[in-house]
**Q** 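Below is a structure I'd like to ask you about.
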Amino acid sequence: MTPEEFDIRRHFSILYEKIYSKPLVYLDNGATTQKPNCVLDKMRYIYEHLNSNVHRGVHYLSNQCTDLMEEARRVVARHLNAREDAEIIFTRGTTESINLLAFSFGETFCKEGDEIVVTEMEHHSNIVPWQMLCQRKGMTLRVLPILDNGDLDLAQLDTLLNERTKILCVTHVSNVLGTVNPVKDIVAKAHAKNIPVLVDGAQSVPHMAVDVQDIDCDFLAFSGHKVYAPTGIGVLYGKREYLDKMVPYHGGGEMIEKVSFSGTTYNVIPFKFEAGTPNYVGVIALAEALKFVDQIGFQYIEAHEQVLIQYTLGQLQKLVNVTIIGNPQKRSGAISFMIDNAHPYDVGMILDKSGVAVRTGHHCAQPLMERLGIPGTVRASFGIYNDKLDIDQFVKAVRVAANMLSK
Ligand code: PMP
């Protein structure tokens, strides 16, 4: 079946909602995506027919759920092209994945005087956990700046990375500017100095084929809810050579080998990092979502979204009062803009009244806003179901906002 015959929109009931009697134009996919019916059906099916806690049961339902969860781990591993299923750790989302890493990696490999490198365009969730680690250990956080167009200033990477650097943390795609960072080259540069790299894949996994062996990153985090899966499920991919050595993050059931008051030993990966009852329904639904996007194929998804992005950029550039924030060499997922001096929130309110959902504000990237010297932006972010009609309704609403708000 071709993607056109597949008729993507038909799989998302919510897209047929009316907002203030107008068709919903959902351009807030960077915040969260809508869920296809197959994902919703799967969750309902599990609760109706199979629900039972995983891993601990001897009974039929528990074994069924356990098998489905471990099969889902295989789907995720295959999707990211991980070497083995055990390198896939299930978390609540990108934020928890990075907190897990900052704690477990930090406790295992870092000491006073060491350094962590992040970039100026990171989401707070790839800054604050590392700041917390630096505070705990007496370490220093160093920052790779951006250029004025919104690309990373990679010329500075060499001088930033030194013998004290313990890990480099970089987003694959900026959630504000849409910049696609050349993570494969960045990883190669860091590895030349024996420095491991975490890639924040929150905004890349929904838009492109992400191959962790090709990138050769040591860790990658992403959130299910941004890739058409439910909330509360996410992934930390990590190379076994690191995960095996890292101390656990949370203690509790499932992550142990043997517990005694004289001392406890830990389970093997990935279970060492999955204390307590996991979100097994979320895990199984995540696999369903990944199978859904793989069925469409990233070749099509990337091409489709690029056409929409270029079309939107072209339309917005025709509006004299609109300034697009950032002009990266390679863009995916999002376009940020401002209307003259109008507050982004006011623009968002006017768009909302036209049925258009966008996000406004600092997008959890306050250091980036500080660098750009702006309080926030209006962000349109794209998904597989958006089409040219959406963009036309969106641009029309932006024109109305520009007429009302620009001075
Ligand atoms: N990193 C990036 C680049 C993001 O865009 C987001 C979500 N906006 C996150 C991390 C955090 O994701 P979550 O809230 O799902 O944990």
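Only this structure's heavy atoms are used, side chains among them; waters, hydrogens and symmetry mates stay out. Both ligands and their constituent atoms are indexed starting at 1 by order of listing.
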**Q** Is it true that F292 and F6 have ring centroids separated by less than 6.0 Å?
**A**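 That pair passes the under 6.0 Å test.
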
**Q** Would you check if there is a donor-acceptor pair between the side chains of H304 and D387 at a distance under 3.5 Å?
**A**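 The answer is no; no qualifying pair exists.
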
**Q** Taking the six-membered ring for Trp and the single ring otherwise, decide whether the centroids of Y280 and H55 are under 6.0 Å apart.
**A**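 No, ring centres 6.0 Å or more apart.
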
**Q** To the nearest 0.5 angstrom, please state how far the CD1 atom of I146 sits from the CD atom of Q156.
**A**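 The CD atom of Q156 is 11.5 Å from CD1 of I146, to the nearest 0.5 Å.
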
**Q** Any heavy atom of N126 sitting closer than 4.0 Å to ligand 1?
**A**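 Outside the 4.0 Å threshold, so no.
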
**Q** Against heavy atoms of T171, which atoms of ligand 1 measure under 4.0 Å?
**A**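 Here the atoms of ligand 1 in question are 3 (C).
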
**Q** So, regarding K226 and ligand 1 (criterion: nitrogen or oxygen to nitrogen or oxygen, under 3.5 Å), is there a contact or not?
**A**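 Yes.
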
**Q** Any non-hydrogen side-chain atom of L243 less than 4.5 Å from a side-chain atom of I89?
**A**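 L243 reaches I89 side chain to side chain.
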
**Q** Could you say whether the N/O atoms of H123 and ligand 1 ever approach to under 3.5 Å?
**A**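 N/O-N/O distance under 3.5 Å: yes.
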
**Q** Using heavy atoms and a 4.0 Å limit, tell me yes or no: is S125 in contact with ligand 1?
**A**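 Yes.
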
**Q** In terms of atom number and element, which parts of ligand 1 are under 4.0 angstrom from non-hydrogen atoms of T95?
**A**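 Listed by number with element: 11 (C), 12 (O), 13 (P), 14 (O), 16 (O).
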
**Q** Under 3.5 Å, is there a donor-acceptor pair between the side chain of E288 and the main chain of I284?
**A**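 No; judged by distance alone, with no hydrogens or angles, the pair does not exist.
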
**Q** K291 vs D294, test: salt bridge (Lys or Arg N to Asp or Glu O under 4.0 Å). Steps then yes/no.
**A** CA-CA 5 Å; K291 284 191 255 178; D294 282 339; over 6 Å; no

**Q** Using a 4.0 Å cut-off to any heavy atom of N175, which atoms of ligand 1 qualify?
**A**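 Listed by number with element, the hits are 5 (O).
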
**Q** Are any of the heavy atoms in H225 under 4.0 Å away from ligand 1?
**A**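 Contact present.
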
**Q** How about Y242 and F219: are their ring centres within less than 6.0 Å of each other?
**A**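 Distance test on ring centres: under 6.0 Å, yes.
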
**Q** Measuring from atom 12 (O) of ligand 1, which candidate in G234, S223, S174 has the nearest non-hydrogen atom?
**A**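 Looking at heavy atoms only, S223 sits closest to atom 12 (O) of ligand 1.
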
**Q** Give me the nearest non-hydrogen protein atom to atom 5 (O) of ligand 1 as residue plus atom name, then the distance to 0.1 Å.
**A**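 Checked against all protein heavy atoms, atom 5 (O) of ligand 1 sits closest to Q203 NE2, 2.7 Å.
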
**Q** List the closest protein heavy-atom neighbour of atom 3 (C) of ligand 1: residue, atom name, distance to the nearest 0.1 Å.
**A**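 Looking only at protein heavy atoms, the one closest to atom 3 (C) of ligand 1 is D200 OD2, 3.4 Å.
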
